[in-house]
Amino acid sequence: MNKSLYITNTLSKKKELFEPLNSPFVGMYVCGPTVSGESHLGHARPYVTFDLVYRYLTHLGYKVRYVRNITDAGHFEEEGRESEDKVNIKAKLERIEPMELVQKYTNLYHDMMDLLNCERPGIEPTATGHIVEQIEMIKIIIAKGLAYEVNGSVYFDVTRYAKDNDYGKLSGRVIDDMIAGSRELDGQNEKRNAADFALWKKAPPEHIMRWPSPWGDGFPGWHIECSAMATKYLGATFDIHGGGMDLLFPHHESEIAQSKTVSGKNPVKYWMHNNMITINGRKMGKSYNNTITLREMFFGGHQLLERGYDPMVIRFFILQTHYRSTLDFSNEALQASEKGLQRLLNAFESIDKITPATESSVELEKIRTDCYKAMDDDFNSAICIANLFELARICNSAVDGTESMTKEDIDNAKEIFDTFLYQVLGIKAIKKDVSGDMESLMKIMLSIRDEAKQKRDFSTSDKIRDELQKLGIAVKDTKDGATWSKN
RNA sequence: GGUCGCGUGGCCGAGUGGUUAGGCAGAGGUCUGCAAAACCUUGUACAGCAGUUCGAAUCUGCUCGCGACCUCCA
């Protein structure tokens with residue numbers, strides 16, 4: 001088992017040696033989507049990031065239990081601007097059952113994740129499926145004196161909790177500052193303190209999604225679902241909790257408070273947070289009205305997109321940046337990633353063309369070691385990819401005959417690509433659907449072109465190539481005859 | 001306003017005290033009937049100012065610019 005993986009822990013803000021609580025088992029919880037709308041490019045970041053984490057840990061031999069929730073209860077507007085949740089509002093607009101809406105977007109989300117080649121989590125619990133667990137948890141918190149009921153709603157008493165616990169440690173908040181700096185908003189009056197947050201919210205009569213509870217009909221607060229589901233499936237203390245940096249406060253901070261109140265233990269050993277995707281330097285988010293849905297990303301149709309991009313290009317684009325850095329979106333950057341990825345994939349394909357040499361002029365072991373080193377350093381996929389480009393260069397040179405690779409080198413090169421590009425980074429070859437008819441037609445076209453070339457009738461051969469190019473079919477002449485590929 | 005973070009060559013992006021990151025684009029070359037691909041060569045980069053140091057993009061301070069969280073958000 002690898003003993004040199006370092007992970008940046010948001011809790012300590014340092015890179016820490018990864019030592020699972022109960023090796024080789026690893027428990028990982030990742031905050032999943034609220035399925036009240038379509039997934040956008042911003043959503044792709046955490047799921048690709050933690051897919052990378054999951055894949056690498058699995059590659060190292062850990063047995064990972066990967067839990068990623070679906071928030072299908074919707075969140076009410078916490079500070080009481082409106083006491084309706086998002087699912088409710090949307091369901092009314094679309095004149096359908098809330099669960100119908102939730103199902104629709106869950107399905108769509110799954111489709112998008114599949115296209116991005118994100119492994120499905122081992123357990124994907126839903127908030128609505130764990131109302132009982134959430135209510136039980138709230139009861140315990142009340143029993144411990146850290147929550148209070150007002151008019152059918154239950155609030156967590158942050159001030160009281162903070163007396164004996166370090167509320168704010170994860171996000172670097174100081175509770176007095178928070179109270180002093182908080183704004184006066186309607187609906188806050190039920191709370192004893194501005195810093196308190198809701199565990200259970202009373203449902204107004206028009207609210208469709210509602211459940212009976214000891215405090216009357218209502219629905220769970222924003223943070224309790226993650227505490228309840230993580231505890232249920234991973235225990236009171238588990239290894240890794242992941243999510244976007246924007247969830248640090250108040251979501252994850254509150255999650256710690258809830259879980260710790262119930263179990264008496266810190267719930268998570270390593271907190272991991274991915275950074276945001278920006279567009280024109282600004283975070284991509286609903287409130288900025290600058291989101292590009294994944295569907296638009298893949299198939300085109302958004303005004304900021306020149307065209308659609310293959311899901312693998314999006315995945316590669318995300319992985320070319322370290323997960324803790326912001327990633328700036330642009331067509332230019334995306335096209336650079338597209339070409340780069342194609343270069344890697346082509347290099348891998350061309351390995352078979354290498355003639356094995358008796359003596360080697362290349363050093364592949366260093367590349368393998370450097371790939372591991374990069375991944376061990378807080379999952380630095382950007383550096384891992386840089387090493388793969390070096391490997392691509394070596395393979396291409398071997399095809400050209402300027403480097404020599406032995407049979408063993410060739411096997412190693414394939415193995416390194418397979419391990420890192422395909423297994424760990426989760427890239428899969430971009431396959432264009434090409435029918436058998438098309439194969440046959442192209443065979444005919446190329447043989448006609450070849451005949452023209454034999455007769456040095458280049459105007460005909462070039463015409464064939466140019467016309468095919470217009471259809472998105474690239475013809476390339478090589479030593480061994482012409483090849484073609486579809487864009 | 002409070003807390004935190006960022007500013008790297010045309011673009012995207014690693015790096016963190018001395019040695020080439022990498023990709024894309026651009027320029028020149030090799031190969032080719034031509035192209036494409038591939039290979040080789042090529043870039044006064046580290047917001048500004050001051051300081052620490054033999055040496056700073058990397059540490060410290062200040063200034064400027066940008067962003068995130070504090071309200072649903074990945």
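Within every chain, numbering begins at 1; the chains are lettered A, B, ... in the order of the sequence lines, protein sequences first and strands thereafter.
Legend: residues meeting side-chain contact (heavy atoms from CB on, under 4.5 Å) with A:Val362, ordered by chain and number and at least two apart, are A:Ser360, A:Leu364, A:Ile394, A:Glu403, A:Met405, A:Asp409.
Using the six-membered ring where Trp is involved, A:His252 and A:His241 have ring planes that are perpendicular, over 60° apart on the 30 and 60° scheme.
At least one side-chain nitrogen or oxygen of A:Trp222 sits closer than 4.0 Å to the OP1 or OP2 atom of B:C73. At least one side-chain nitrogen or oxygen of A:Arg343 sits closer than 4.0 Å to the OP1 or OP2 atom of B:C39. In terms of phosphate contacts, A:Arg324 brings no side-chain nitrogen or oxygen within less than 4.0 Å of OP1 or OP2 of B:G5. Under 4.0 angstrom from either OP1 or OP2 of B:C6 there lies no side-chain N or O belonging to A:Thr326.
Distance noted for atom C1' between B:G61 and B:U52: 11 Å (whole Å). For B:C24 and B:C40, the P atoms lie 12 Å apart once the distance is rounded to whole Å.
If you check every strand for non-hydrogen atoms under 4.0 Å, A:Arg465 touches a base. When heavy atoms are screened at a 4.0 angstrom cut-off, A:Phe389 is found touching the sugar-phosphate backbone but no base atom. At the heavy-atom level, A:Thr278 lies nowhere under 4.0 Å from the strands shown. At the heavy-atom level, A:Leu327 lies under 4.0 Å from the strands shown only through sugar-phosphate atoms. Among the heavy atoms of the strands lying under 4.0 Å from A:Gly285 is at least one base atom, whether or not backbone atoms are also near. The residue A:Val475 sits close to a base: some heavy atom pair falls under 4.0 Å. Among the atoms of the strands shown, base atoms are found under 4.0 Å from some heavy atom of A:His40. Residue contacts for A:Ala386: at a heavy-atom cut-off of 4.0 Å it reaches a base atom on one of the strands shown. At a threshold of 4.0 angstrom between heavy atoms, the contacts of A:Ser337 with the nucleic acid are absent. Across all strands, A:Asp462 comes closer than 4.0 Å to base atoms (heavy-atom distances). Using a 4.0 Å heavy-atom distance criterion, A:Lys13 is classed as a sugar-phosphate-only contact. Residue A:Leu247 is classed as a sugar-phosphate contact, given heavy-atom separations below 4.0 Å to backbone atoms only. Contacts of A:Gly42 with the nucleic acid, taken as non-hydrogen atoms under 4.0 Å apart, include base atoms. Using a 4.0 Å heavy-atom cutoff across all strands shown, A:Lys339 reaches sugar-phosphate atoms only and no base atom.
Applying the Watson-Crick and G-U wobble criteria (two distances, each under 3.5 Å), B:A47 pairs with B:U63. With a 3.5 Å ceiling on both atom-pair distances, B:A25 lacks any Watson-Crick or G-U wobble partner.
Residues A:Glu363 and A:Lys366 are not paired through a salt bridge, judged by the lack of any N-O separation under 4.0 Å between the basic side chain and the carboxylate.
Applying the side chain to side chain contact (heavy atoms under 4.5 Å, CB included) test between A:Tyr270 and each of A:Thr10, A:Asn9, A:Thr8 identifies A:Asn9 as the sole match.
Taking the six-membered ring wherever Trp is involved, the centroid distance between the rings of A:Phe197 and A:Tyr155 does not fall below 6.0 Å.
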